[in-house]
Student: 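Questions regarding the structure given below will be posed in turn.
Because only heavy atoms are used, hydrogens play no part in the values below, and waters and symmetry mates are left out as well, while side chains stay in. The chains referred to below are lettered A, B, ... by the order of the sequence lines, with proteins before strands, and numbering in each begins at 1.
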Amino acid sequence: MQFEPREQFEQRQKKLEQIEALGYEPFPREFRWTDTPLALVEKYGEKSAGELEAEKLEVRVAGRLVSLRLMGKAGFAHLQGSGKRIQIHVKKDVVGERGFSLFQLLDLGDLIGVRGHLFRTKTNELTIRVDELSFLSKSLLPLPEKWHGLTDVEMRYRQRYLDLIANDHSRQVFVARAQIIKELRRFFDERGYIEVETPMMHPIPGGAAARPFITHHNTLEIDLYLRIAPELYLKRLTIGGFDRVYEINRNFRNEGISTQHNPEFTMLEFYEAYSNYRDLMELNEELFALLAMSITGSTLVKYGEHELDFAKMQRLTMREAIVKYWPREAGQAPTEAELAAPGGPRAITERYNGWAKANGAPYAASKGTVKDGEWTGLLFETMAEDRLIQPTILYDFPTDISPLSKQKPEDPTLTERFEIYIAGMEVANGFSELNDPAEQERRFQAQIAQGGEEVPKALDVDYIRALCHGMPPTAGEGIGIDRLTMLLTDSQSIRDVILFPLLRPEARQDSASGAGGA
RNA sequence: AGGGGCGUAGCUCAGUGGUAGAGCAGCGGCCUUUUAAGCCGAAGGUCGUGGGUUCGAUCCCCACCGCCCCUACCA
């Protein structure tokens, strides 16, 4: 076991031995505390020096040493815990010879506990006069620099614990993430939903279009796929009588990595029997406003250069969005009727691409797609998606790109499906669930016939059989928790809201590989 | 995968074709109300890795590794 900086590592190990020689346990088992640093600041932050003197309250607090100013026979330091710091004052004539020897052997980063009482210094800072010092754990490696903190992005991701110690903002983001998930649970629990867990390893990966990760089960001697969506299992549960279910957990998609994509990401999926997609739209408006309010304190949320208004959501059909965001420079915008006509979307895409390619604008890459609905989806993505900054419900998706959604009764080329776009990101996807087993089988077969890496290779016969047992009319939706967290914490990269985002494993260059005995 | 940028002390960063500096942290010394503590002293680097050009490379060129951004794939 040997890590850089070697010299400091060895010095600190020696200090640990000296601490042990003083009679302190090097790795004690517990510390009984009365308050966290945060609790002290909250409880006594307003009390005057006189009030504190009169009460002479004894407190016991544990934390990490994050600043240290030693002056001969006394010293000040800050203990960090619960995201806050509290100053301590250690005097030799109070803690005694042994206690002060310990204090002198401490390094920034060490974990200690103190017993003492509160007072205010000359500069009026709330401080603990330490009567007794407890050694709790040694930091053998130095903390990042105290003033600039840790800014190296790579180290912030790889060694997130350092980021969390050094950067309070980072800690706040993950606290907010936890609150978001808690609020989501509360929201759905209150509405009679039951939380479930469905398999992460699927024999047939379904419920979305994505390339899966492959793994293997030894005893069964079968390949399994890390799930790309829980959808098909959750719908089996609505068949089983769980009329309102949700699951919050990871999905895995073997795709690229970007500021908006991590190979494993967290989704909330929920299903509500006897409702349709319009009901979900209303539920979403309520949910997003409530979340914004409870996490940020307002329905107006700063995100980068934008101020997002979660109090209202614009609603647009996909065709309306194409008409609305059609670039003026590309000539006359198509009409919705043209987009609805057979062959229309393809002709319109070709017209648009002609202009886009001549003018260096993004164009709709066809990659072998042929159906009208696919052209429509491409057109939307090309010209409208990243312009949907304010929360927008985009609805009425083409059937061609919505294999699990129920068709609109008046227009079978469209489905009762919507997605929510905020800051140009897709954050939710919901629809009236297709529960006609024959139609579902047709759509699956069509997918398989079309082929492609993102499409299941085999028909999920059990799912079709489940539908044959009768699924109630149901509306279901998935919400991307990582992206939602980005929006509510003003984070520009998904890696800033995932504690340990996937990075390429670092090549071991130092001797740390010899740490096998740890 | 393609394009652009970055990689110098443990951390945050300067810098130059003649083998490197600052602040903080660390080490030694002084200091019992300091707070980015101060003062004095000493130490710390195969300048991401490997080639090449050159009398000489941390700097110029090439390749590789890692990270970031954009594009592509995708939610």
Student: Identify the nucleotide, in any strand shown, that forms a Watson-Crick or G-U wobble pair with B:rG44, with both distances under 3.5 Å; if there is none, say none.
Tutor: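 Answer to the pairing question: none, since B:rG44 forms no Watson-Crick or G-U pair.
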Student: Can you tell me if A:Arg158 touches the phosphate of B:rC67, counting only side-chain N or O atoms and a distance under 4.0 Å to OP1 or OP2?
Tutor: yes
Student: Rounded to the nearest angstrom, tell me the gap between atom CZ in A:Arg211 and atom C1' in B:rA72.
Tutor: 12 Å
Student: Expressed in whole Å, how much space separates the P atoms belonging to B:rG50 and B:rA57?
Tutor: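 Result for the P pair: 14 Å, nearest Å.
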Student: Which nucleotide, in any strand shown, forms a Watson-Crick or G-U wobble pair with B:rC60, with both distances under 3.5 Å?
Tutor: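 Base partner found: B:rG52.
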Student: Report yes if a donor N or O on one partner sits less than 3.5 Å from an acceptor N or O on the other, where the partners are the side chain of A:Thr151 and the base of B:rU12; otherwise report no.
Tutor: no
Student: Considering every strand and a 4.0 Å limit on heavy-atom distances, what is the contact class for A:Gln8: base, sugar-phosphate, or nothing?
Tutor: base
Student: Could you check whether any side-chain heavy atom of A:Leu394 comes within less than 4.5 Å of a side-chain heavy atom of A:Phe380, counting everything from C-beta outward?
Tutor: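 Result yes, sub-4.5 Å side-chain heavy-atom pair found.
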Student: Choose from B:rG26, B:rC68, B:rU33 the nucleotide whose nearest atom is closest to any side-chain atom of A:Lys15.
Tutor: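 For A:Lys15, the side-chain atoms sit closest to B:rG26.
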Student: Which whole-number value in Å describes the distance from A:Asp107 CG to B:rC24 P?
Tutor: 18 Å
Student: Taking the C1' atom of each, how far is B:rC60 from B:rA75, in whole Å?
Tutor: 45 Å
Student: A:Glu125 has a side chain; which of B:rC73, B:rA25, B:rU34 sits nearest to it?
Tutor: B:rU34
Student: Name the closest nucleotide to the A:Arg12 side chain, picking from B:rA75, B:rG26, B:rC73.
Tutor: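 Selected nucleotide: B:rG26.
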Student: How do A:Leu502 and A:Asn262 order along RNA chain B: which one's closest nucleotide is nearer the 5' end?
Tutor: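 The answer here is A:Leu502.
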Student: Within this structure, what is the CD-to-P distance between A:Glu426 and B:rC73, rounded to whole angstrom?
Tutor: 14 Å
Student: Starting the side chain at C-beta, find the nucleotide from B:rA25, B:rC11, B:rC68 nearest to A:Met155.
Tutor: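 Closest of the options to the side chain of A:Met155: B:rC11.
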Student: Nearest to the side chain of A:Glu154, which nucleotide is it out of B:rA75, B:rC67, B:rA25?
Tutor: B:rC67
Student: With a 4.0 Å limit, can you tell me whether A:Arg504 has a side-chain N or O closer than that to the phosphate oxygens OP1/OP2 of B:rG66?
Tutor: yes
Student: Does A:Tyr157 reach a base, just sugar-phosphate, or nothing at all? Heavy atoms under 4.0 Å.
Tutor: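 Since only primed, P, OP1 and OP2 atoms lie under 4.0 Å of A:Tyr157, the category is sugar-phosphate.
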Student: Contact class for A:Ala166 (heavy atom, under 4.0 Å): base, sugar-phosphate, or nothing?
Tutor: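 Touches nothing.
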Student: Which residue in the set A:Arg64, A:Lys15, A:Lys14 passes salt bridge (Lys or Arg N to Asp or Glu O under 4.0 Å) when paired with A:Asp107?
Tutor: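 When salt bridge (Lys or Arg N to Asp or Glu O under 4.0 Å) is applied between A:Asp107 and each of A:Arg64, A:Lys15, A:Lys14, only A:Lys15 qualifies.
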Student: What I want to check is whether an N or O donor and acceptor connect the side chain of A:Arg120 with the base of B:rU33 at under 3.5 Å.
Tutor: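 Not at all, since no donor on one side and acceptor on the other fall under 3.5 Å apart.
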Student: In residues 67-77 of chain A, which ones come under 4.0 Å of RNA chain B, going by heavy atoms?
Tutor: A:Arg69, A:Leu70, A:Met71, A:Gly72, A:Lys73, A:Ala74, A:Phe76
Student: What ring-ring contact (aromatic ring centres under 6.0 Å, His included) pairs are there with at least one residue in residues 97-142 of chain A, not counting sequence neighbours?
Tutor: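 Applying ring-ring contact (aromatic ring centres under 6.0 Å, His included) to every pair that reaches into residues 97-142 of chain A, excluding sequence neighbours, yields A:Phe100-A:Phe103.
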Student: Look at the side chain of A:Ser493 and decide which nucleotide, out of B:rC73, B:rC69, B:rC68, has an atom nearest to it.
Tutor: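 The closest nucleotide is B:rC69.
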Student: Is there a donor-acceptor contact under 3.5 Å from the side chain of A:Arg156 to the main chain of A:Asp496?
Tutor: no
Student: Considering only atom C1', compute the distance from B:rC61 to B:rG26 and round it to an integer number of Å.
Tutor: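 These two C1' atoms come out 39 Å apart once rounded.
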Student: Is atom NZ of A:Lys84 surrounded by more than 12 heavy atoms (other residues, nucleotides or ligands) closer than 6.0 Å?
Tutor: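 No, not enclosed.
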Student: Please check if the side chain of A:Arg115 supplies one atom and the backbone of A:Ser134 the other of a donor-acceptor pair under 3.5 Å.
Tutor: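 A pair under 3.5 Å: no.
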Student: Taking A:His202 as the fixed residue, which of A:Tyr225, A:Phe252, A:Tyr233 is the one that meets the ring pair (Phe, Tyr, Trp, His ring centres under 6.0 Å) rule?
Tutor: A:Tyr233
Student: Counting only Watson-Crick pairs (N1-N3 plus N6-O4 or O6-N4) and G-U wobbles (N1-O2, O6-N3), all under 3.5 Å, who is the partner of B:rU12?
Tutor: B:rA22
Student: So what's B:rG38 paired with, Watson-Crick or G-U wobble, going by both distances under 3.5 Å?
Tutor: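 Paired with B:rC30.
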Student: Which nucleotide in the list B:rG26, B:rC73, B:rC67 gets nearest to the side chain of A:Leu503?
Tutor: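 Nearest to the side chain of A:Leu503 among the choices is B:rC67.
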Student: Between B:rU34 and A:Gln87, counting only base atoms on the nucleotide and side-chain atoms on the residue, is there a donor-acceptor pair under 3.5 Å?
Tutor: yes
Student: Got a donor-acceptor contact below 3.5 angstrom from the A:Asn429 side chain to the A:Ile479 backbone?
Tutor: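 Not at all, since once roles are kept as given, no pair shorter than 3.5 Å links the two residues.
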Student: For nucleotides B:rU58 and B:rG18, find the distance between their P atoms and express it as a whole number of Å.
Tutor: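 11 Å, rounded to whole Å.
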Student: Answer with yes or no whether A:Asp152 presents, from its side chain, a donor or acceptor under 3.5 Å of a partner atom in the base of B:rU12.
Tutor: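 No.
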Student: Give the rounded distance in Å between these two atoms: NZ of A:Lys122 and P of B:rA37.
Tutor: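 Roughly 16 Å, once rounded to whole Å.
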Student: If you measure from the P atom in B:rG56 to the same atom in B:rC70, how many Å do you get, rounded?
Tutor: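 It comes out at 43 Å once rounded to the nearest Å.
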Student: Under a 3.5 Å cut-off for both distances, is B:rA1 Watson-Crick or wobble paired, and to whom?
Tutor: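 Paired with B:rU71.
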Student: Report which part of the nucleic acid A:Gly480 touches: base, sugar-phosphate, or nothing (heavy-atom distance under 4.0 Å, all strands).
Tutor: nothing
Student: Taking only residues two or more places apart in sequence or in another chain, which ones pass ring pair (Phe, Tyr, Trp, His ring centres under 6.0 Å) with A:Tyr246?
Tutor: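 If we apply the ring pair (Phe, Tyr, Trp, His ring centres under 6.0 Å) test to A:Tyr246, skipping adjacent residues, the hits are A:Phe188.
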Student: When all nucleic acid strands are considered with a 4.0 Å heavy-atom cut-off, which category describes A:Asn124: base, sugar-phosphate, or nothing?
Tutor: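 Since no nucleic acid heavy atom lies under 4.0 Å of A:Asn124, the category is nothing.
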Student: What is the separation between atom CD on A:Glu10 and atom P on B:rG10, rounded to the nearest whole Å?
Tutor: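 Distance check: A:Glu10 CD to B:rG10 P gives 14 Å.
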Student: Just compare B:rC11, B:rA75, B:rC70 and give me whichever is closest to any side-chain atom of A:Ile494.
Tutor: B:rA75
Student: In whole angstrom, give me the gap between the C1' atoms of B:rC59 and B:rA20.
Tutor: 11 Å
Student: Do you know the tightest heavy-atom contact between A:Ala62 and A:Leu136?
Tutor: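 Taking A:Ala62 first and A:Leu136 second, the nearest heavy atoms are CB-CD1, 3.9 Å.
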Student: How far, in whole Å, is B:rG2 from B:rU19 if one measures between their C1' atoms?
Tutor: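 Between the two C1' atoms, the distance is 37 Å.
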Student: Any chance the side chains of A:Arg227 and A:Thr198 put a donor and an acceptor closer than 3.5 Å?
Tutor: yes
Student: Nearest to the side chain of A:Leu150, which nucleotide is it out of B:rC27, B:rU12, B:rA75?
Tutor: B:rU12
Student: Rounded to the Å, how far apart are A:His117 NE2 and B:rU33 C1'?
Tutor: 13 Å
Student: Tell me: CG of A:Asp93 to C1' of B:rU32, nearest whole Å?
Tutor: 7 Å
Student: Taking atom C1' in both B:rU49 and B:rG41, compute the distance separating them and give it to the nearest angstrom.
Tutor: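 Straight-line distance between the two C1' atoms is 37 Å.
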Student: If we ignore hydrogens and angles and just use 3.5 Å, is the side chain of A:Thr399 paired with the main-chain N or O of A:Leu414 as donor and acceptor?
Tutor: yes
Student: Looking at A:Arg495, I'd like to know whether one of its side-chain N or O atoms comes within less than 4.0 Å of OP1 or OP2 on B:rC69.
Tutor: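 True: A:Arg495 side-chain N/O within range (under 4.0 Å) of B:rC69 OP1/OP2.
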Student: Please work out if A:Gly478 contacts a base, only the sugar-phosphate, or nothing of the nucleic acid, heavy-atom cut-off 4.0 Å.
Tutor: nothing
Student: Whole-Å distance between B:rC70 P and A:Asp386 CG?
Tutor: 12 Å
